[in-house]
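Can you read through this structure? Questions will come right after.
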Amino acid sequence: MPIIAVAFPSSERVYKRAMSNRFSTLGRYPNTRLRRNRREDWSRRLVAETKLSVDDLIWPVFVQEGHNTRTAVESMPGVDRLSIDLFVEAVKRARDLGIPAIAIFPETDPKAKTPDAREAYNPDNLVCRAIHAVKKTVDGIGVVCDVALDPFNSDGHDGIVRDGYVQNDESVEALVKQAIVQAAAGCDVQAPSDMMDGRIGAIRQALDAKGFEHTQIMSYAAKYASAFYNPFRDAIGSSGALKGDKKTYQMDPANSDEALREVGFDIEEGADMVMVKPGLLYLDVVRRVKDTFGVPTYAYQVSGEYSMLRGAADRGWLDWSKVLLETLGGFKRAGCDGILTYGAVDAAKLLKSK
Ligand code: PBG
């Protein structure tokens, strides 16, 4: 039985919206001067409709093998891949800044990558060791992990490729095994980013059956086949491996009604939180998702968005602190309850010093 009904904006709702907008514009110049409320800082703060806080941030972090090593990700200025020991220290600092959660992404040794991506469910893989290390030493911060095969797959795809096609149900079986080993290592939130059909329900059932009923699921519900993920693929070392593109499973950027179907399915299947990805170009989708379902809604300011802003800022063309906070504020205004951003640590420091 469906638990929720998927609601699409009816013409009645559209009409009501238009009426309420008419009332909000009843004032007329010169009796009404909208600049009055904007004149002083205290007044601007008083009338602010949304507010970004450190509680809205999730910090994605790249991990690599080794000890006391960091490697700069060339296409993401300011972002390093960290060995587990340095990663744990970085997570402590993030926790001390008040960041509620981090998301772990591994760079897998190319030798461990296979067409069936079995390294994904090796309980001793890099992600599981990173989860374990952080959970053992750092309290008070949530750990989110992707559920997708691309870091482990010699084809660079999120699912298993057979006969030139990313197989759905066979991939879901592997994803379920991956979610279980991650949960067993202590991961708090499973974040399936693979876009296979039916994976949320399958993962939820398997987690519950194994006694992980408290493990949360943040579903990458509306994830688009975007050109803005390239720097991320450099960071996890999957760019070279990827054959073709991900258009047969990730969504067409032209669509937004379809995003509501994706989100509706994932909520029915047991997602606790839903995500739209990428971020800035898809804030219209965020708004529709939030208005339609009213569930905890997140967006991912992805690698390409980060690199655009940071790259321009490093050349002196943009002010990094200002564009970072303005973009994150835009996510809040669009209806996000939180944002995954590589700028989380910088944003947390800026918000603290304000
Ligand atoms: C993998 C995954 C991707 C991202 C998060 N998880 C890349 C992809 O789907 O190719 C992108 C994150 C980013 O670009 O910052 N399933």
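Just follow the structure's listing: the first ligand is 1, and inside any ligand the first atom is 1. Source: prediction; values computed, not measured. Scope of the values below: all heavy atoms of this structure, side chains included, with no hydrogens, waters or symmetry mates.
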_Protein heavy atom at shortest distance from atom 6 (N) of ligand 1_ =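 Looking at atom 6 (N) of ligand 1, the protein heavy atom closest to it is Asp146 OD2, 2.8 Å.
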*asked:* Can you name the atoms of ligand 1, numbered from 1 with element, that are less than 4.0 Å from a heavy atom of Asp158?
replied: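 That gives atoms 1 (C), 9 (O), 16 (N) of ligand 1.
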_Ring-face cation of Lys223 near Tyr220 (centre distance under 6.0 Å, axis angle within 45°)_ =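 Relative to the ring axis of Tyr220, which defines the angle, Lys223 lies inside both limits.
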*For ligand 1, which atoms sit closer than 4.0 Å to a heavy atom of Tyr300?*
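Counting atoms of ligand 1 from 1, those under 4.0 Å from Tyr300 are 12 (C), 15 (O).
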*Among all protein non-hydrogen atoms, which one is nearest to atom 1 (C) of ligand 1, and what is the separation to 0.1 Å?*
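Nearest protein contact, heavy atoms only, for atom 1 (C) of ligand 1 is Asp150 OD2, 2.8 Å.
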_So, using ring-ring contact (aromatic ring centres under 6.0 Å, His included) as the criterion, who are the partners of Tyr121 when residues are at least two apart?_
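Applying ring-ring contact (aromatic ring centres under 6.0 Å, His included) to Tyr121 gives none.
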*Sub-4.0 Å heavy-atom approach of Gln250 to ligand 1*: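 It does; at least one heavy atom falls under 4.0 Å.
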*Against heavy atoms of Tyr342, which atoms of ligand 1 measure under 4.0 Å?*
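Result: 12 (C), 13 (C), 15 (O).
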_Could you identify the single nearest non-hydrogen protein atom to atom 14 (O) of ligand 1 and state the distance to 0.1 Å?_
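Looking at atom 14 (O) of ligand 1, the protein heavy atom closest to it is Ser303 OG, 2.7 Å.
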*Run the numbers for me: atoms of ligand 1, each under 4.0 Å from some heavy atom of Ala148, listed by number.*
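Checking each atom against Ala148, I get 16 (N).
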*Among all protein heavy atoms, pick out the one at the shortest distance from atom 12 (C) of ligand 1; state its residue, atom name and that distance to 0.1 Å.*
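Its nearest protein heavy-atom neighbour is Phe232 CD1, 3.3 Å.
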*Would you please indicate yes or no on a ring centroid separation below 6.0 angstrom for Trp59 and Tyr306?*
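No, the ring of Tyr306 stays outside the 6.0 Å limit from the ring of Trp59, centre to centre.
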_Distance alone, cut at 3.5 Å: any donor-acceptor contact between the side chains of Thr71 and Gln64?_
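Indeed, the side chains of Thr71 and Gln64 share at least one donor-acceptor pair under 3.5 Å.
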*asked:* Phe232: which residues meet the ring-ring contact (aromatic ring centres under 6.0 Å, His included) condition with it, sequence neighbours left out?
replied: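 Checked Phe232 against ring-ring contact (aromatic ring centres under 6.0 Å, His included); matches are Phe62, Phe105.
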*Between the candidates Lys246, Lys277, Met195, which shows the shortest non-hydrogen contact distance to atom 8 (C) of ligand 1?*
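Ranked by closest heavy atom to atom 8 (C) of ligand 1, first place is Lys246.
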*Identity and separation of the nearest protein heavy atom to atom 2 (C) of ligand 1*: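 In this structure, atom 2 (C) of ligand 1 has Lys223 NZ, 3.3 Å as its nearest protein heavy atom.
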*For Gln216 and Gln190, test the side chains for any donor-to-acceptor distance below 3.5 angstrom and give the result as yes or no.*
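Not at all, the side chains of Gln216 and Gln190 share no donor-acceptor pair under 3.5 Å.
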*Would you call Arg162 and Glu170 a salt bridge, taking side-chain N to carboxylate O under 4.0 Å as the test?*
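Answer for the salt bridge query: yes.
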